[in-house]
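Chain letters run A, B, ... following the sequence lines, proteins first and then strands; every chain starts at 1. Here the structure is a predicted model, which is why all the values come from computation and not from measurement.
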Protein chains: 2
Amino acid sequence: MTTIKDVAKLAGVSISTASYALNDSPKVSKKTKERILRAGKELNYYPNGNARNLKNRKTGNVGVFIYEFAGPIFSDVLDGIHKRLQESGLNIIVSSGTSSVNLLLERQVDAAVIFDDRLEDVNILHYGEMGYPVFVLDRNLKGKNIYSSKIDNESLVKDFIQKKIKEGYSDFGYLSGPLDSYNNNHRFIGFKQALESEGIKDFQYFQGNFTIHGGFDVGVEIAESKDRPSFVFCANDESAIGLIQGLKSKGISIPGDVAVAGFDNITLCDYIDPTLTTIGIDHYSWGKRVAESIIAILKKKKPVDVYNPIGSIIQRESC
Amino acid sequence: MTTIKDVAKLAGVSISTASYALNDSPKVSKKTKERILRAGKELNYYPNGNARNLKNRKTGNVGVFIYEFAGPIFSDVLDGIHKRLQESGLNIIVSSGTSSVNLLLERQVDAAVIFDDRLEDVNILHYGEMGYPVFVLDRNLKGKNIYSSKIDNESLVKDFIQKKIKEGYSDFGYLSGPLDSYNNNHRFIGFKQALESEGIKDFQYFQGNFTIHGGFDVGVEIAESKDRPSFVFCANDESAIGLIQGLKSKGISIPGDVAVAGFDNITLCDYIDPTLTTIGIDHYSWGKRVAESIIAILKKKKPVDVYNPIGSIIQRESC
DNA sequence: TTGAAAGCGCTAACAT
DNA sequence: ATGTTAGCGCTTTCAA
């Protein structure tokens with residue numbers, strides 16, 4: 001493997017001069033710099049990142065740790081983060097599962113974005129304690145160097161449901177996500193607040209799991225029930241889409257018999273029949289803003305205000 | 001920052017003994033090992049990955065370099081790769097754009113999977129030359145340590161179109177992807193082979209770009225044409241979905257007036273109306289198999305047979 | 001069973 | 001403008 005030593009030897013200079021030249025330092029004369037760079041080209045030299053990172057005490061890598069690679073939401077956030085980091089010459093490293101923990105704790109990244117319910121608090125806290133900035137998305141966590149950016153689930157859902165109540169709906173159902181999901185639980189709070197504020201005491205509760213399949217089963221269950229709600233708010237779009245399919249499979253018409261809404265605004269919303277009304281988050285922009293903050297912290301070495309993503313109602317046919 | 005030195009000091013042993021203990025070497029006695037591990041816990045010690053990687057001349061990381069983070073195909077391949085690597089204790093590092101090149105050439109990964117048309121051959125070749133194994137997906141590239149795994153586009157498309165010809169279609173169109181796309185070009189070859197083998201001389205050619213939007217425009221164009229093909233084969237599902245929407249927007253019925261098929265079997269195929277007949281690749285399994293091969297190469301230090309993914313016709317309503 | 005010391009490839013302070 | 005050298009944090013050979 002070619003090292004800086006080989007380059008220095010071929011160019012007939014010392015290692016340090018080679019290093020200066022390769023890092024484009026003004027200290028070295030134009031002539032020798034050229035000679036060194038030519039030697040580097042000739043030997044196909046590239047610096048060993050591990051050695052550089054060790055010496056520099058920084059890697060130039062930003063880690064983004066997600067729950068899984070599938071999923072429309074992650075993709076959009078990732079594309080946003082990636083775009084912004086690339087403009088600033090930082091590398092993006094996306095990982096998941098146990099890899100995430102390894103890369104974090106072994107300090108192979110200079111900063112991290114956590115978008116993964118399963119990654120344990122203790123690891124995030126420890127990484128922050130070591131002096132590295134971390135952004136946690138959709139998660140409540142406080143600690144040294146920890147920044148939390150979250151969707152304002154309560155207000156968004158509350159406003160939306162209040163609007164639907166004013167449109168005349170009164171007989172609601174809530175299709176829940178997993179009970180340990182931050183987003184689900186806060187959306188549920190907003191849902192209940194809306195009913196309460198409008199004096200509606202009762203609603204039906206359905207347990208789902210954020211998946212199309214889980215939503216389908218609930219759809220069938222509701223279709224066969226004698227006491228169907230006239231409006232089901234679903235904690236995310238995927239379960240709403242499953243719900244619609246379950247209802248349709250039993251001949252229920254939407255929104256006539258049962259109105260449905262979701263949360264997230266994934267691509268599928270536009271393709272299902274009827275198209276799905278939902279609360280949309282601009283995930284791409286969210287990613288860009290988070291990356292923006294990380295860059296600022298890394299460059300200026302000082303804390304920064306967090307940006308919380310903005311949501312809006314995307315009115316379609318399903319309610 | 002806590003280093004191995006701090007742990008050694010607290011445990012009252014030398015650095016080397018600490019290192020042995022932390023790496024669970026049998027050389028060190030049970031009593032001292034315990035003491036060292038306890039010291040490590042107390043100090044919240046984690047090894048510095050860059051230092052370890054430098055010394056070991058390996059990182060335990062496998063890089064997967066993709067064209068973009070959005071896209072249903074990448075997600076499934078990634079999930080497959082991730083699952084298998086995690087079982088083997090290897091870290092997955094996913095990246096894109098200039099980051100990919102940096103991570104590769106700086107040797108921050110022990111092996112790589114390239115699923116990105118834009119990543120230049122020269123960088124891949126150089127990485128292979130340095131002794132690292134690389135899997136290139138859907139790409140023709142030969143070189144040291146380079147393994148190429150690809151969909152058998154020609155046969156799949158040829159068989160499919162021949163089948164459709166036997167079902168009675170004869171008036172075909174081809175909706176192309178970008179002209180520099182490996183997959184598009186090989187699918188086109190298979191398409192032409194099928195027509196030729198069945199004695200069909202003519203077909204219409206439409207230029208698309210693999211996107212829904214691009215497909216839509218062609219759909220409108222075809223709808224307004226006087227000489228509509230009765231069957232349009234699209235080089236991927238997204239353009240097929242756009243095509244369907246474009247045709248429908250002008251009142252063309254599918255498959256009655258124009259039959260449509262795609263390639264990939266993305267989730268949306270099941271949600272569009274009519275549902276889309278396509279050629280499906282099991283991307284998740286593909287990812288697992290590729291990871292399997294990488295693990296074998298890394299462990300056994302010797303070449304391995306490449307696995308090419310299997311495809312099959314997914315018959316739905318659109319043709 | 002434990003410790004001393006060299007060295008992985010690089011950067012940068014310091015000396016020339 | 002260029003060279004010498006220490007050292008980043010770790011592993012491992014060699015000696016005790």
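Contact annotation: A:S19 reaches the phosphate of C:dT11 (side-chain N/O to OP1 or OP2, under 4.0 Å). Applying the 4.0 Å criterion to OP1 and OP2 of D:dT2, one finds that A:T32 has a side-chain N or O inside that range. Using a 4.0 Å cut-off, no side-chain N or O of A:R57 falls inside it from OP1 or OP2 of D:dG7. Taking 4.0 angstrom as the limit, A:N23 places a side-chain polar atom (N or O) nearer than this to OP1 or OP2 of C:dT11.
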Trace of the side-chain contact (heavy atoms from CB on, under 4.5 Å) decision for B:K150 with B:N140: CA-CA 8 Å; B:K150 1 178 215 214; B:N140 272 326; 2.4 Å; yes
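Atom-to-atom, CG of B:L22 to P of D:dC10 comes out at 9 Å; the value is rounded to the nearest Å. Summarising the geometry, the separation between CD on B:Q108 and C1' on C:dG9 is reported as 13 Å, rounded to the nearest angstrom. B:K55 has its NZ atom 7 Å from the P atom of D:dT12, to the nearest Å. We find that OH of B:Y46 is positioned 18 Å from P of D:dG9, with the value rounded to whole Å. At whole-Å resolution of the value, CD in A:E34 and P in D:dT2 are 12 Å apart. Across the protein-nucleic acid pair, A:N56 atom CG and C:dA13 atom P stand 12 Å apart, rounded to whole Å. At whole-Å resolution of the value, CG in A:D24 and P in C:dC10 are 17 Å apart. In this structure, the CG atom of A:L54 is 18 Å from the P atom of D:dA6, given to the nearest Å.
Distance from the side chain of A:R52 is smallest for C:dC10 among the nucleotides C:dC14, C:dC10, C:dG9. Taking the side chain of B:P47 as heavy atoms from C-beta on, and the options D:dT13, D:dC10, D:dG9, the nearest nucleotide is D:dC10. With distances taken from any side-chain atom of B:I4 to the nucleotides C:dC14, D:dC10, C:dG3, the minimum falls on D:dC10. Taking only side-chain atoms of A:Y45, from C-beta outward, the nucleotide of D:dC8, C:dC10, C:dT2 with the closest atom is C:dC10.
Residue order along DNA chain C, read from the 5' end via each residue's closest nucleotide, puts A:K5 first among A:K5 and A:K27. With DNA chain D read from its 5' end, the first of the two nearest nucleotides for B:N50 and A:V13 is the one closest to A:V13. Nucleotides of DNA chain C nearest to B:A51 and B:K30 differ in position, and the one nearer the 5' end is that of B:K30.
Taking 3.5 Å as the limit, the base of C:dA4 and the side chain of B:S14 contain no donor-acceptor pair of atoms between them. Side-chain N/O atoms of A:Y20 and base N/O atoms of D:dT4 include no donor-acceptor pair closer than 3.5 Å.
Among the atoms of the strands shown, base atoms are found under 4.0 Å from some heavy atom of A:S16. Heavy atoms of B:S29 sit under 4.0 angstrom from primed sugar atoms or phosphate atoms, though from no base atom.
For A:Y67 and A:F74, the ring centers sit 6.0 Å or farther from each other.
Among the candidates B:L103, B:L105, B:L104, the single residue satisfying the side chain to side chain contact (heavy atoms under 4.5 Å, CB included) test with B:V101 is B:L105. Of the candidates A:W286, A:F65, A:F135, A:F115 forms a ring pair (Phe, Tyr, Trp, His ring centres under 6.0 Å) with just one, namely A:W286.
Under a 4.0 Å N-O distance rule, the pair A:E292/A:R289 does not qualify as a salt bridge. With respect to B:K83 and B:E87, a salt bridge is recorded, a charged nitrogen being found less than 4.0 Å from a carboxylate O.
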